[in-house]
There are 2 protein chains.
Amino acid sequence: MKRMSSAERRSELIRAAVRVVGRDGVAAATTRAIVAEAGMSLASFHYAFQSRDEMMRDLIAYVVEEESNAAMQSLVVSGDIRSTIRDGLQAYLDLLVQEPAHELAMFELLHYTLRTPGMQDLAQQQYLNYHSSVTRVVEAGARTAGIEWTVPSVDIARMIVTVTDGVTFAWLADRDTDAAGRVLDFAADALAALAIPLNDTSFSSAPPVLPANAFKETHR
Amino acid sequence: MKRMSSAERRSELIRAAVRVVGRDGVAAATTRAIVAEAGMSLASFHYAFQSRDEMMRDLIAYVVEEESNAAMQSLVVSGDIRSTIRDGLQAYLDLLVQEPAHELAMFELLHYTLRTPGMQDLAQQQYLNYHSSVTRVVEAGARTAGIEWTVPSVDIARMIVTVTDGVTFAWLADRDTDAAGRVLDFAADALAALAIPLNDTSFSSAPPVLPANAFKETHR
DNA sequence: GTCTATAAGGAGATAGAC
DNA sequence: GTCTATCTCCTTATAGAC
């Protein structure tokens, strides 16, 4: 294989590992499977990384970063707050149905961090990241829809993550998309009940502007 | 080791495997680890089971059955429906905090079924079981609390499972018990809003009786 | 029925030629 | 820097003595 810097090689290996994990799962992501996917020799792996665990740490940091970015780039405001929430949740469900292996892989990676000694901190970081990303989306959504949350937005975010995680797990098991949709209906109603319209007559008139879109993938 | 019937040996191996999976995870539950836990020789394993996968199938059927039973045996009615729901959810959270490895193991087993070819049906069965167990609890709870659900009870059950799964995952990652409690507060409010009091003047007077307790573990 | 010993293969990691 | 060949360990599964 041609020469490349250690950094290049690490990045190519990580991207190969992401594909293997997404397709076949964490357990199948052996060093051999990863180098085969990347078209490298086995020795190159250990030239770039000291160990498989070191690579896994980097891989997890990489995907968490990627997902947090994805969460921010898609909130389509659809009139009232209830529709906005419901559409955002639906967009996540669509994503899940379209690429189930990806969501399953994210759960498996979390399990890996929870089971691997010395990596619990990474698991905590992973959810801290999700929750703060979704919090930002929730706050942007409130401004755009002209509402105010009656509970802290970080709690709203946690509820959204709770619902998407729960729906994901059940759907992965039973593939009942209609039932998942009914749960999202319920969640959207319940969350919208925590919003109150901003009294926008108290100031001039211009409704609070700000982001044009954010939401959709919710997280992960 | 002393002689025992094949059935006995299978059951002892499964119980040993449950302990290993609960303590160290699915990946650590090798045939060697299991027979060591059970105090048997490696050959005994393959005398009782044709393969490790066959044992895993039996193990999963065993724990699913166990959990479904557990769900039914604890609903403490605490006055109104909102408190009943909240207390049931809290009991589940207490269980999670007390024995996190157990809940993590249940998720890992579901992943195992989702990833193992020819076992997807088991995953479906697993959730069908949970949902129907919780449905029965939800219906019993309605009768005891004298309310009626405004949506099918199987949907109520699915929402409860969604919330407990989602809360479990986030808690396993960040161990934020207070935040988990706030999500459960919200869930209890939202679910209680789907109940309407039964007009118990329409019949004689005796409120619908029935079970003395069911709930608490919710599922799993 | 139950054991010890071993087969057969896959894993992570490394040595050493180029 | 990159490769092939190999080391060592651990896995599931089986053969064959008792």
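- Of the candidates dG12(C), dT2(C), dT2(D), dT2(C) carries the atom nearest the S44(B) side chain, counting heavy atoms from C-beta on.
- For the pair L13(A) CG and dA13(C) P, the interatomic distance rounds to 13 Å; values are reported in whole Å.
- Listed nucleotides dT2(C), dA11(C), dT14(D) differ in distance to A43(B); the shortest reach to its side chain belongs to dT14(D).
- A salt bridge links D174(B) to R158(A): at least one charged side-chain nitrogen sits closer than 4.0 Å to a carboxylate oxygen.
- Atom CE in M40(B) sits roughly 13 Å away from atom P in dG1(C) (whole-Å rounding).
- With respect to the salt-bridge test (charged N to carboxylate O, under 4.0 angstrom), the residues R57(B) and D121(B) qualify.
- H46(B) places its NE2 atom 18 Å from the P atom of dA5(C), with the value rounded to the nearest Å.
- Comparing dA15(C), dA15(D), dT6(D) by their nearest atom to the side chain of R32(A) picks out dT6(D).
- Contacts of residues 49-58 of chain B with DNA chain C (heavy atom under 4.0 Å): none.
- Side-chain contact check for S41(A) and S44(A): at least one donor-acceptor pair (N or O, by modelled atom type) lies under 3.5 Å.
- In the model, Y130(B) has no side-chain atom that pairs as donor or acceptor with a side-chain atom of D165(B) under 3.5 Å.
- Across its full length, the helix from dG1(C)-dC18(D) to dC18(C)-dG1(D) shows an angle of 20° between the axes of its 5 terminal pairs at either end, rounded to 10 degrees.
- Atoms CZ (R10(B)) and C1' (dG1(C)) sit 16 Å apart, rounded to a whole Å.
- When the P atom of dT2(C) is taken as reference, atom CG of L42(B) falls 15 Å away, rounded to whole Å.
- Of the options D87(A), T164(A), T168(A), a side chain to side chain donor-acceptor pair (under 3.5 Å) to Y92(A) is made by T168(A) and by none of the others.
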Apply salt bridge (Lys or Arg N to Asp or Glu O under 4.0 Å) to R15(B) and E37(B), showing your working.
CA-CA 9 Å; R15(B) 282 184 299 148; E37(B) 176 78 23; over 6 Å; no
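- Nearest to the side chain of T30(B), among dA13(D), dT11(D), dT14(C), sits dT11(D).
- In this structure, I34(B) atom CD1 and dA13(D) atom C1' are separated by 14 Å, rounded to whole Å.
- Closest approach to the Y47(B) side chain among dC3(C), dG1(C), dA13(C) is made by dG1(C) (side chain taken as heavy atoms from C-beta onward).
- You'll find the ring centres of H111(B) and F169(A) inside the 6.0 Å limit.
- Between E108(B) and R115(B) there is no salt bridge, since no side-chain nitrogen of the basic residue lies less than 4.0 Å from a carboxylate oxygen of the acidic one.
- In this structure, the side chains of R10(B) and F45(B) stay at 4.5 Å or more apart for every pair of heavy atoms.
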